[in-house]
Amino acid sequence: MSLVLHVDGDRWRTHLREVAERRTGLVPVLKGNGYGFGLARLARKSEWLGVDTVAVGTPGEVAEVATRFPGDILVLTPWRAFDAALIDPAHAPRVITTVDRLEDLEALIALGDGRRVVLERLTSMKRHGFTARGLRDAAALVSGPGGLRLAGATLHLPLGAAGENRVEVETLMTDVVAAGLAEPGATVWVSHLSTEDVAALAAQYPEVRFRPRIGTELWLGDRDAVSVTAHVLDSHPVERGETFGYRGRTLPRTGTILVVSGGTAHGIGLEAPSGEGSARARVSSLTRGGLDALGLARSPFTIDGKARYFAEPPHMQASMLFLPSGVSVPEIGESVPVRVRFTATVFDSVLVS
Ligand SMILES: *Cc1c(COP(=O)(O)O)cnc(C)c1O
């Protein structure tokens, strides 16, 4: 009774190794649902890859990673006093803290635990980060008394088109230089830059160590290494007009209600009704007898070669699909392919071959 993530182990590991070899200074990103694989598995794989540092999203994620990965752990969400207690003191020496506000830097200096900090410069993302001026003040604070140890500057770029982010980083690097954060031996942590972009930066700033933080390209970069299936749990023939579902709805069609694993608890959600949104498209779909014209939404489950419609919105752990008559109905226990967003899906199991 499962939504299963299948991993072609050899293929996946070959891809991971290729990325690790090509991406000098790689910092694997392990956050959220662990890109579908789970944080624990990615922590162990990071050790296997031989990296010295990984990144997690939040302080609350440190514990699960720290017990499985022996190196340093960069926390990507900037430090806030209200989250400070989430990190076990036993793990704290291995944690690198991101800071993006002067008041937080002052609070950390007051704590006096001599931790390592990276200073984030705001990018066109406008999520977190210092202004150019703020970065200079922050760098001055860290280099003053207070005992904080500088672990570099950090930039988080949008999912820019090839080349766009390089231009932005080059501009922001002038702020990093002005803050004294590009001295020989300095580290600049970056995201969403191609291998070529990072190489170009490294050539421009040979004294600086650029470290790419990578999640998606690493863990999900070879989509053919992963696939997702759901079990067929049940099926029931329905006549046109026969009621089904939580709300006793009916359809003017004969077919089969197919019950498959995977519901809202797994992150299976309603997709947009097939995209033919205009009134005219709906009318033409209606004349063709399309199920979207009946108000059904297309599901991510593929049966008999096609993405099928939800008979009603997904339930917590299962979904009811409508198969029009004529479609070949799979047996109970068969597995059917599902298209998911890996970062938003909780799998019942991950099977690595
Ligand atoms: C999530 C995240 C990354 C990794 O993003 P991917 O697109 O998965 O590679 C890098 N840096 C920061 C700050 C992030 O939040």
Side-chain angles (χ1 to χ4, degrees), residues 5 12 15-16 18-20 22-39 41-43 45-46 49 51-62 64-65 69 71-80 83 86 95-101 104 116-130 135 151-162 164-166 168-169 172-173 176 181 187-198 201 209-223 225-226 267 340-345:
L5 170 59
W12 192 49
H15 169 75
L16 298 183
E18 185 275 320
V19 175
R22 177 166 48 81
R23 293 293 212 156
T24 313
L26 172 71
V27 180
V29 174
L30 292 51
K31 65 182 178 188
N33 70 342
Y35 292 79
F37 302 92
L39 293 177
R41 185 184 306 273
L42 298 191
K45 270 287 164 287
S46 298
L49 277 173
V51 298
D52 62 5
T53 307
V54 297
V56 297
T58 63
E61 291 170 343
V62 169
E64 194 173 350
V65 170
F69 174 77
D72 289 337
I73 302 170
L74 169 68
V75 179
L76 296 173
T77 303
W79 187 85
R80 295 288 184 264
D83 271 347
L86 290 172
V95 169
I96 301 171
T97 303
T98 300
V99 185
D100 70 336
R101 302 191 313 160
D104 292 329
R116 287 172 291 168
V117 294
V118 297
L119 304 177
E120 180 157 1
R121 169 72 176 99
L122 192 70
T123 69
S124 59
M125 283 274 296
K126 300 282 158 58
R127 190 165 77 176
H128 302 297
F130 289 107
L135 192 68
T154 181
L155 303 168
H156 185 42
L157 294 144
L159 296 163
E164 265 173 32
N165 281 347
R166 192 199 296 191
E168 181 170 355
V169 173
L172 292 170
M173 276 304 292
V176 173
L181 297 172
T187 302
V188 177
W189 312 70
V190 293
S191 65
H192 299 151
L193 288 178
S194 67
T195 307
E196 296 71 35
D197 286 349
V198 178
L201 276 168
R209 184 177 188 210
F210 290 92
R211 301 204 67 176
R213 294 182 304 261
I214 301 177
T216 307
E217 177 194 328
L218 178 66
W219 309 118
L220 294 168
D222 182 355
R223 287 300 165 109
V226 290
V340 301
R341 203 171 151 196
F342 290 90
T343 51
T345 308

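In each ligand, atom 1 is the first atom listed, and ligand 1 is the first ligand listed. Predicted, not measured: the structure shown is a model, and the values here were computed from it. Positions are given from 1, in the same order as the sequence printed here.
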*Glu217: what forms a side-chain hydrogen bond (donor to acceptor under 3.5 Å, both in side chains) with it, not counting sequence neighbours?*
Arg22, Arg23

*asked:* Among residues at least two apart in sequence or on other chains, which ones pass side-chain hydrogen bond (donor to acceptor under 3.5 Å, both in side chains) with Arg341?
replied: none

*asked:* Under a 4.0 Å threshold between the charged nitrogen and the carboxylate oxygen, would Asp104 count as salt-bridged to Arg101?
replied: yes

*Heavy-atom pair with the smallest gap, counting every atom of Gly215 and Tyr35*: CA-OH, 3.4 Å

*Could you name the protein residues that come within less than 4.0 Å of ligand 1, counting only heavy atoms, and order them by chain and residue number?*
Val29, Lys31, Tyr35, Leu76, Arg127, His156, Ser191, His192, Arg213, Ile214, Gly215, Thr216

Donor-acceptor pairs under 3.5 Å, side chain of residues 51-61 to any protein atom, not counting sequence neighbours: which ones?
{"from": "Asp52", "atom 1": "OD1", "to": "Arg211", "atom 2": "NH1", "distance (Å)": "3.3"}
{"from": "Asp52", "atom 1": "OD1", "to": "Arg211", "atom 2": "NH2", "distance (Å)": "2.8"}
{"from": "Glu61", "atom 1": "OE1", "to": "Gly57", "atom 2": "N", "distance (Å)": "2.7"}
{"from": "Glu61", "atom 1": "OE1", "to": "Thr58", "atom 2": "N", "distance (Å)": "3.1"}
{"from": "Glu61", "atom 1": "OE2", "to": "Gly32", "atom 2": "N", "distance (Å)": "2.8"}

*Parallel, tilted or perpendicular: which fits the ring planes of Trp12 and Phe37, with parallel below 30° and perpendicular above 60°?*
parallel

